[in-house]
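These numbers come from the heavy atoms of this one structure, side chains and all, not from hydrogens, waters or symmetry mates. Chain letters run A, B, ... following the sequence lines, proteins first, then strands; residues in each count from 1. From a predicted model like this one, the values you see are computed outputs, not experimental measurements.
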Amino acid sequence: MRINSLKFSTLYALLIVTVCWYVIHLLLNTPTVPDPLLTFSRLVNLLTDDLLLHLLSSLGRIVVATSIALILGITVGLMIGLSQFFNTYLSPIVFVLFPLPKIAFLPILMLLFGLGNQSKIILVALIIVFQIIITVKDSVMNLKKEYFLSIKTMGATRIELFKHIIFPSILPSLFTALRLSIGTSISVLFFAENYATTFGIGYFIMDSWIRIDYIDMYAGIVAISLLGLGLFLLIQLIEQRYLPWVQLEKGTQQSFLD
Amino acid sequence: MITSENISLYYNNTEILSDLSLHINAHESLAIIGPSGCGKTSLLHIFAGLIKPTSGSIFVNHTPLLKPRRTTALISQHYSLLPWKTVFENICLPLHIQKVKRSAFDARTKATLTMLGLNHVKSKYPTELSGGEQQRVAIARALVQTPDLLLFDEAFSSLDAITRDRLQSELKHLHQSTKTTMIFVTHDIEEALYLGERILVMSTQPGTVFKTFVNPSYHNPDAKMSQGFHQLSNQLRQTLNEVMHDAN
Ligand SMILES: Nc1ncnc2c1ncn2[C@@H]1O[C@H](COP(=O)(O)OP(=O)(O)OP(=O)(O)O)[C@@H](O)[C@H]1O
Ligand SMILES: [Mg+2]
């Protein structure tokens with residue numbers, strides 16, 4: 001997908017979704033499904049008010065949590081992928097921890113790290129870090145050993161092998177993992193922000209719900225959705241801009257069934 | 001150029017190469033042929049300094065070979081190019097690694113691109129190229145560092161006949177004009193006869209030198225048509241049969 005068509009297809013999809021929403025609003029005719037246009041204009045008003053602050057504090061948590069998860073996940077993933085020792089002693093632990101429902105550990109995290117930002121950030125990081133570890137480990141282990149032969153013959157040092165082979169090779173699946181993580185981290189945050197905080201988009205939505213202010217609630221939902229969409233598109237754009245070869249590897253769409 | 005004295009190689013207590021002694025002259029072009037799994041790739045990797053023989057010694061230019069040297073280049077059958085680098089970047093790589101000065105850099109890469117007729121693909125990625133073009137780029141990358149030893153591991157075996165013929169003849173010209181020492185591992189008797197001044201037949205595993213042949217038709221411009229070519233071709237085929245027969 002080229003950048004222009006990405007813009008176009010996003011706008012197209014947003015339009016269709018809004019039209020569907022509007023139709024449902026007309027059909028059901030209940031305050032539970034408010035007019036999308038009303039919601040959008042409320043959203044704009046709210047953004048100049050405190051909704052922006054809620055959004056930014058959620059975004060901040062996501063960025064910090066993702067950065068921690070990336071640094072930790074890449075490091076551990078590389079250790080397991082590159083060293084027999086760590087593969088033997090570390091990967092069984094990762095394997096056992098990966099499928100645990102980490103969200104259930106929120107109470108423990110809140111007891112350990114307090115009710116504030118820390119526990120929420122740690123929870124999100126904890127959930128996405130495993131995905132990153134496994135992604136990195138798999139892509140390192142699947143690296144063709146032929147890539148190394150010619151380069152080593154040229155006399156490359158370990159650092160050069162990292163720079164020219166290992167690091168670029170993990171990028172495509174890292175980006176895929178990141179895209180998946182965005183959805184996960186926003187959902188998790190929505191949940192976690194209902195505990196012991198008064199800032200964050202999750203708090204804003206549930207607070208509007210309690211206040212039976214459905215237009216506010218919808219505006220919040222639209223805001224959190226746009227946040228997710230925005231981050232998703234950002235990752236997509238970075239990938240297209242800086243990793244053009246990934247697009248080539250994936251190939252263009254083909255009609256295998258014709 | 002290369003002297004190996006009684007080298008042997010073991011992988012997990014299996015003997016892969018056994019008591020192999022061989023001398024390769026500077027400026028020589030040697031073809032190595034042998035049954036699958038006899039250790040040709042392993043031997044080439046020993047020459048490249050990528051692996052050490054379990055016993056015996058190996059000298060390059062009279063000094064013991066302990067690690068890869070920057071003037072050796074290895075070209076393998078598959079996946080030799082990095083998919084995340086363009087053709088130009090792939091070819092630059094050896095210069096990066098050898099810390100060649102930026103100013104000399106571009107000129108050398110451009111000259112190599114031109115020499116191999118790759119200018120029109122220089123900003124493409126390897127996946128956008130045909131198999132023949134990819135191997136041509138791999139050869140360009142090997143040549144950009146002005147190597148004194150070129151190692152080919154079945155570098156042409158996945159190419160179509162016409163592309164293969166063309167690359168072979170280009171390499172033969174290159175050998176005759178630059179006198180770079182070249183070693184070609186191949187499965188193909190014709191290829192061995194066309195590219196090798198000398199042809200080494202290896203035995204089945206554990207691999208060692210079974211027989212070597214001097215190739216009189218190497219310097220003949222119409223090598224593939226000549227009488228000597230066919231005679232030696234039959235002789236080689238027979239020797240390979242003997243190798244297989246001995247193994248049973
Ligand atoms: N890293 C390794 N670990 C264990 N065994 C290995 C390793 N590399 C090669 N071998 C074994 O060594 C033997 C020789 O392998 P090698 O690749 O050198 O053969 P080859 O002559 O190049 O074969 P082919 O013609 O099929 O390319 C094979 O039996 C192979 O299984
Ligand atoms: Mg081989």
Side-chain angles (χ1 to χ4, degrees), chain A residues 1-2 74 77-78 81-82 84 88 135-136 138-178 235 238-254, chain B residues 41-42 44-51 65-87 89-100 123-129 135 137-142 144-147 149-155:
Chain A
M1 215 188 280
R2 304 294 321 149
I74 293 175
L78 287 177
L82 293 171
Q84 190 60 53
T88 310
T135 300
V136 170
D138 282 350
S139 40
V140 170
M141 285 185 159
N142 287 329
L143 255 179
K144 305 258 180 328
K145 90 173 187 290
E146 284 86 350
Y147 288 154
F148 291 88
L149 296 175
S150 302
I151 317 276
K152 274 185 167 171
T153 306
M154 296 167 197
T157 60
R158 272 166 175 242
I159 293 174
E160 284 164 332
L161 294 179
F162 256 97
K163 182 175 154 204
H164 295 294
I165 305 181
I166 296 170
F167 190 65
S169 79
I170 64 174
L171 288 178
S173 38
L174 204 58
F175 268 82
T176 306
L178 263 183
I235 292 174
I238 295 176
E239 190 177 359
Q240 284 179 357
R241 174 85 180 71
Y242 294 101
L243 309 178
W245 54 275
V246 175
Q247 236 49 37
L248 296 169
E249 294 258 290
K250 284 181 191 157
T252 47
Q253 187 186 34
Q254 296 184 38
Chain B
T41 298
S42 306
L44 218 52
H45 290 179
I46 289 177
F47 292 158
L50 294 172
I51 50 178
L65 182 67
L66 301 171
K67 60 178 177 37
R69 30 195 306 282
R70 291 184 168 180
T71 48
T72 303
L74 174 72
I75 296 162
S76 44
Q77 181 181 1
H78 291 301
Y79 308 115
S80 33
L81 302 176
L82 301 178
W84 38 87
K85 291 184 186 288
T86 61
V87 166
E89 291 164 347
N90 263 293
I91 296 177
C92 282
L93 195 54
L95 302 178
H96 265 296
I97 288 171
Q98 292 172 11
K99 316 251 174 334
V100 170
S123 33
K124 291 194 174 180
Y125 285 89
T127 35
E128 298 175 277
L129 305 183
Q135 283 313 66
V137 175
I139 293 170
R141 185 179 63 184
V144 79
Q145 52 182 334
T146 45
L149 176 60
L150 278 168
L151 307 172
F152 295 84
D153 192 358
E154 297 181 32

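Contacts of A:I165 with chain B are made by both backbone and side-chain atoms, with heavy-atom separations under 4.5 Å. Using a 4.5 Å cut-off between heavy atoms, B:T72 contacts chain A through both its backbone and its side chain. Contact of B:K67 with chain A is not made at all, since no heavy-atom distance falls under 4.5 Å. With a 4.5 angstrom heavy-atom cutoff, B:E128 touches chain A only via side-chain atoms. Heavy atoms closer than 4.5 Å to chain B are found in the side chain of A:L143, but not in its backbone. For chain A, no part of B:K124 is nearby; none of its heavy atoms comes within less than 4.5 Å. Residue contact with chain A, scored on non-hydrogen atoms closer than 4.5 Å, is absent for B:L151. Residue contact with chain B, scored on non-hydrogen atoms closer than 4.5 Å, involves the backbone and the side chain of A:K152 alike. The contact between B:R69 and chain A is made entirely by backbone atoms, counting heavy-atom distances below 4.5 Å. Interface remark: A:S169 contributes backbone and side-chain atoms alike to the contact with chain B (heavy atom separation under 4.5 Å). Using a 4.5 Å cut-off between heavy atoms, B:A73 contacts chain A through its backbone alone, with no side-chain atom that close.
We find the NE2-CG distance between A:H164 and B:N90 to be 10.5 Å, quoted to the nearest 0.5 Å. The CG atom of B:L93 lies 4.5 Å from the CD1 atom of A:I151; values are rounded to the nearest 0.5 Å.
Contact tally against chain B (heavy-atom pairs below 4.5 Å) for A:T157, A:T153, A:L243: the top residue is A:T153. Looking only at heavy-atom pairs under 4.5 Å with chain A, the residue among B:A48, B:P94, B:A138, B:G49 that has the most is B:P94. Contact tally against chain A (heavy-atom pairs below 4.5 Å) for B:K85, B:Q98, B:E89: the top residue is B:K85. For the set B:I97, B:L74, B:D153, the count of heavy-atom pairs under 4.5 angstrom toward chain A peaks at B:I97.
Here the shortest heavy-atom pairing between B:H96 and A:E160 reads O-OE2, 4.3 Å. Heavy-atom minimum distance, B:P83 versus A:W245: O-CB, 3.5 Å.
B:W84 and A:Y147 have their aromatic ring centers within a separation under 6.0 angstrom.
Put simply, the side chain of A:M154 reaches to within 4.5 Å of the side chain of B:R141, judged on heavy atoms.
Within a 6.0 Å sphere centred on NZ of A:K145, heavy atoms belonging to other residues, nucleotides or ligands number 12 at most.
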